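Working notes, structure below.
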Amino acid sequence: MIRLKGGRIIDPANGRDEIGDLWIEGDRIAVPAPDGRAVETFDLDGAIVMAGAIDIHSHVAGGNVNTARLMLPEQHKAHARRPATTALGAAGWSTEETGLRYAEMGCTTVVEPAMVPSHALHAHMEFADIPILDNAGLAVVGNDAYLLQLLRERQGPDAVADYIGYVMRATKALGVKCINAGGSAAFKENVRAFSLDDEVPGYGLSSREIVLALQEAVAALGIPHPLHVHCNNLGLPGAVETAIATMDAAGDLPMHFAHIQFYSYGSEGKRRFSSAAAQIAEAVNARKNVTVDVGQVMFGQTVTVSCDTILQFGSRNSARPRKWSLWDGIGDGGGVVPYAYKSTNPVNALQWAIGLELFLLINDPWRVFFTTDHPNGAPFTAYPEIFALLMDRPLRDEWMARLPKSALASTTLPSITREYSLNEIAIMTRAAPAKLLGLRDRGHLGVGALADVAVYRPQTDYAAMFGAAEFVFKSGELVVRDGQVVQRPAGRALMVEPPASRQVEARVERYYEETFGLSARMFAVPAHAVGVPEPFESVPCLSR
């Protein structure tokens, strides 16, 4: 057994914040050895011990991510070299680098939130190529012709749930996401703006109807993670109204809102762009069924990737560097637009402030999640800096002093005194994501939990502290020592297998062959094709 001795254990899921020992046996947290002896002991006097972090929304695999890698070779530190030991790791932001950089920060599980069904096999092959981390994908639905036909023909909630069950099982997904529901389908008919109650041409269906049908199906199937929603009108001034209208439409069933920062925009002021973070925070605080992740913006070069084709088509003129890509598939689409956030740009500065406002104005750390919508708001490697901004008000003041005063005029950030505690950081990055995703074996340090453990040495510089963990254990195996990766075990892809009838598979196959001349078997992800032993781990559905 391994003994982690004398650290400050911060485990909010089990109500612990105390000095104590942690024991590891195999891949699990264990009760102390009866004789108190351990094969190996780590003296953690003065250190902070947390469960491994879980990122619920980070684009780390799939078609858009790969297009971004190909489009921006100048961003790759080693694009001329091709590592011989990895099948897909070719450059900076490769699968390999993704795993290493996350692990160094103490993160052990990452969810790709936009796994297009026709790209699912590719996404899973990339998951398998990411070292150390367990991964998962959320299957994208909401613009596919088969679903829209079901809804147009009013075949009822059971038929929709049956189809969603089929998609989940075929793609080995952990949950379901809809992105600008109906918007990409409408884009094919030259629609360039699409709101919650606009109708998809040819289907007579509104985005609202699609979202609610999917939300009901996810709940009926017992999929632990609520419907993961990318609303309409992302990034537009006044998008706050769309986001709150969608929250109202959710009723009493749970719904998760992705990268809410990009909707927290009003249309006040001479630029017709203002912070509506206080409105969004008030709406979230009042609705206990709603959870959000933020999508914090940080300054610097990044690249936006999204299956929201209307958004990406509209963003093409702001591309920096001046190149972009858009694709339009059978049921989906996507776009890649490089972008540079500048602290001297009043709109970008306000976006940065809005994200922090949301973190600090939403009261319950169990319902607001830490993301940059990597890489859209910023690379995930910016997380430690953001932790520091949340935990240190004087540091926020230093940053704000360098920003355009006009940008801060419409934000409440300068008046907010709240500072996150270590316990709140542990909730937001460990305990709460595990609960939201239905991952009962991680996000905490109770006996029987997966031995995913991150150890940090306290520093006044929180960015330095969270940027390089002293030790990280993945499934009981030491993978990081003094901020450096020392082992690279393979992770698994987490999936939920809700019920689906045998008939739906035949119906979908027939539909694709008759409509597109293609086989729906392109959605399938057979284990043998992934190329590693035991690539999947099943997560149970909720009892109904």
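The structure displayed is predicted, hence computed values, not measured ones.
Side-chain atoms of Tyr462 and Ile425, non-hydrogen and from C-beta on, never get closer than 4.5 Å to each other. Taking 4.5 Å as the limit, every side-chain heavy atom of Val368 sits out of range of all side-chain heavy atoms of Val284. You'll find the side chain of Phe359 stays beyond 4.5 Å of the side chain of Ile416, heavy atoms only. Contact check for Asp328 versus Phe313: no side-chain heavy atoms found under the 4.5 Å cut-off. A 4.5 Å side-chain heavy-atom check between His256 and Asp293 finds at least one atom pair inside the cut-off. Annotation: side chain of Leu389 is in contact with side chain of Trp352 (closest heavy-atom distance under 4.5 Å). Two residues are said to be in side-chain contact when any heavy atoms from C-beta on lie closer than 4.5 Å; Ile310 and Asn232 fail this criterion. Considering only heavy atoms from C-beta on, Arg442 comes within 4.5 Å of Leu494 through its side chain.
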Inset, instruction - Apply the test side chain to side chain contact (heavy atoms under 4.5 Å, CB included) to residues Lys323 and Leu72: give CA-CA distance (whole Å), side-chain angles for both, the deciding distance (0.1 Å), then the verdict. - result: CA-CA 9 Å; Lys323 46 188 174 182; Leu72 296 166; 3.7 Å; yes
Inset, instruction - List the steps and the verdict of ring pair (Phe, Tyr, Trp, His ring centres under 6.0 Å) for Tyr383 and Phe466. - result: CA-CA 8 Å; Tyr383 287 2; Phe466 284 109; over 10 Å; no
Legend entry - Leu100 vs Arg488, side chain to side chain contact (heavy atoms under 4.5 Å, CB included): CA-CA, chis, key distance, verdict: CA-CA 8 Å; Leu100 303 188; Arg488 306 179 184 190; 3.7 Å; yes
Legend entry - side chain to side chain contact (heavy atoms under 4.5 Å, CB included) between Asp482 and Glu470, intermediate numbers included: CA-CA 4 Å; Asp482 296 328; Glu470 184 165 300; 4.0 Å; yes
Inset, instruction - List the steps, then state whether ring pair (Phe, Tyr, Trp, His ring centres under 6.0 Å) holds for Tyr420 with Phe387. - result: CA-CA 8 Å; Tyr420 267 67; Phe387 289 140; 9.2 Å; no
Inset, instruction - Under the side chain to side chain contact (heavy atoms under 4.5 Å, CB included) rule, what do Leu390 and Glu424 come out as? Steps first, then yes or no, please. - result: CA-CA 10 Å; Leu390 296 177; Glu424 287 176 316; over 6 Å; no
Legend entry - side chain to side chain donor-acceptor pair (under 3.5 Å) between Glu209 and Ser206, intermediate numbers included: CA-CA 5 Å; Glu209 290 175 281; Ser206 68; 3.3 Å; yes
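Here the straight-line distance linking atom CG of Leu361 with atom OG1 of Thr412 works out to 4.5 Å at 0.5 Å rounding. Rounding to the nearest 0.5 Å gives a distance of 8.0 Å between CZ of Arg402 and OG of Ser343. Within the model, atoms CG of Asp144 and CZ of Phe523 stand 7.5 Å from one another, a figure rounded to the nearest 0.5 Å. Summarising the geometry, atom CD belonging to Gln351 is positioned 12.5 Å from atom OG1 belonging to Thr411; distances are rounded to the nearest 0.5 Å. For the atom pair Ser274 OG and Gln279 CD, the distance stands at 8.0 Å (nearest 0.5 Å). The line from CE of Met391 to CD1 of Ile386 is 13.5 Å long, rounded to the nearest 0.5 Å.
Nearest heavy atoms, Asp308 versus Asn180: OD1-ND2, 3.0 Å. The shortest heavy-atom contact between Ala469 and Val480 is O-CG1, 3.8 Å. Considering every non-hydrogen atom in both Phe380 and Pro384, the closest pair reads O-CD, 4.5 Å. Minimum heavy-atom separation, Ala529 to Leu121: CB-CD1, 3.9 Å. Taking each heavy atom of Ala139 and Thr171 in turn, the nearest pair found is CB-OG1, 3.9 Å. Here the shortest heavy-atom pairing between Glu419 and Pro394 reads OE2-CD, 3.6 Å.
With hydrogens and angles disregarded, no donor-acceptor distance shorter than 3.5 Å links the side chain of Thr304 to the backbone of Asn376. Although no hydrogens or angles enter the test, the distance criterion places a donor-acceptor pair under 3.5 Å between the side chain of Arg418 and the main chain of Leu360. Between the side chain of Asn135 and the backbone N or O of Leu133, at least one donor-acceptor pair lies under 3.5 Å. Of the possible polar contacts, none joining the His374 side chain to the Ser58 backbone as a donor-acceptor pair under 3.5 Å is found. Counting only distance, with no hydrogens or angles, the side chain of Lys177 and the backbone of His230 share no donor-acceptor pair below 3.5 Å. Formation of a donor-acceptor pair under 3.5 Å by the Arg393 side chain with backbone atoms of Pro414 is found in this model. Proximity of a side-chain donor or acceptor of Thr108 to a complementary backbone N or O of Lys474 within less than 3.5 Å is not detected. Proximity of a side-chain donor or acceptor of Glu112 to a complementary backbone N or O of Ala61 within less than 3.5 Å is detected. Side-chain atoms of Asn143 come within 3.5 Å of backbone N or O of Ser184 as a donor-acceptor pair. Under the 3.5 Å distance criterion, the side-chain polar atoms of Gln312 are left unmatched by any main-chain donor or acceptor of Trp324.
With sequence neighbours excluded, the residues that form a ring-ring contact (aromatic ring centres under 6.0 Å, His included) with Tyr146 are Tyr163, Tyr511.
Aromatic ring orientation, His228 versus His57: parallel (interplanar angle below 30°, classes split at 30° and 60°). Classification of the His259-Tyr263 ring pair by plane angle, with boundaries at 30° and 60°, yields parallel. Between Phe273 and Tyr265, the ring planes lie tilted relative to each other; the angle falls in the 30° to 60° range.
Comment: Glu126 engages Arg69 in a salt bridge, judged by a side-chain N to carboxylate O separation of less than 4.0 angstrom.
Shown here is Gln487, whose CD atom has more than 12 heavy atoms of other residues, nucleotides or ligands within 6.0 Å.
For Arg192 and Phe187, the positive end sits near the middle of the six-membered ring, less than 6.0 Å away and at most 45° from its axis.
Side-chain atoms of Glu357 and Ser275 form a donor-acceptor pair, as typed in the model, at a separation below 3.5 Å.
When each of Pro375, Ser318, Pro321, Ser325 is checked for a side-chain contact (heavy atoms from CB on, under 4.5 Å) with Pro338, only Pro321 meets the rule.
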For residues 233-243, please give each side-chain donor-acceptor pair under 3.5 Å, one per line with the distance, not counting sequence neighbours.
from, atom 1, to, atom 2, distance (Å)
Asn233, ND2, Ser195, OG, 3.2
Asn233, ND2, Thr242, OG1, 2.9

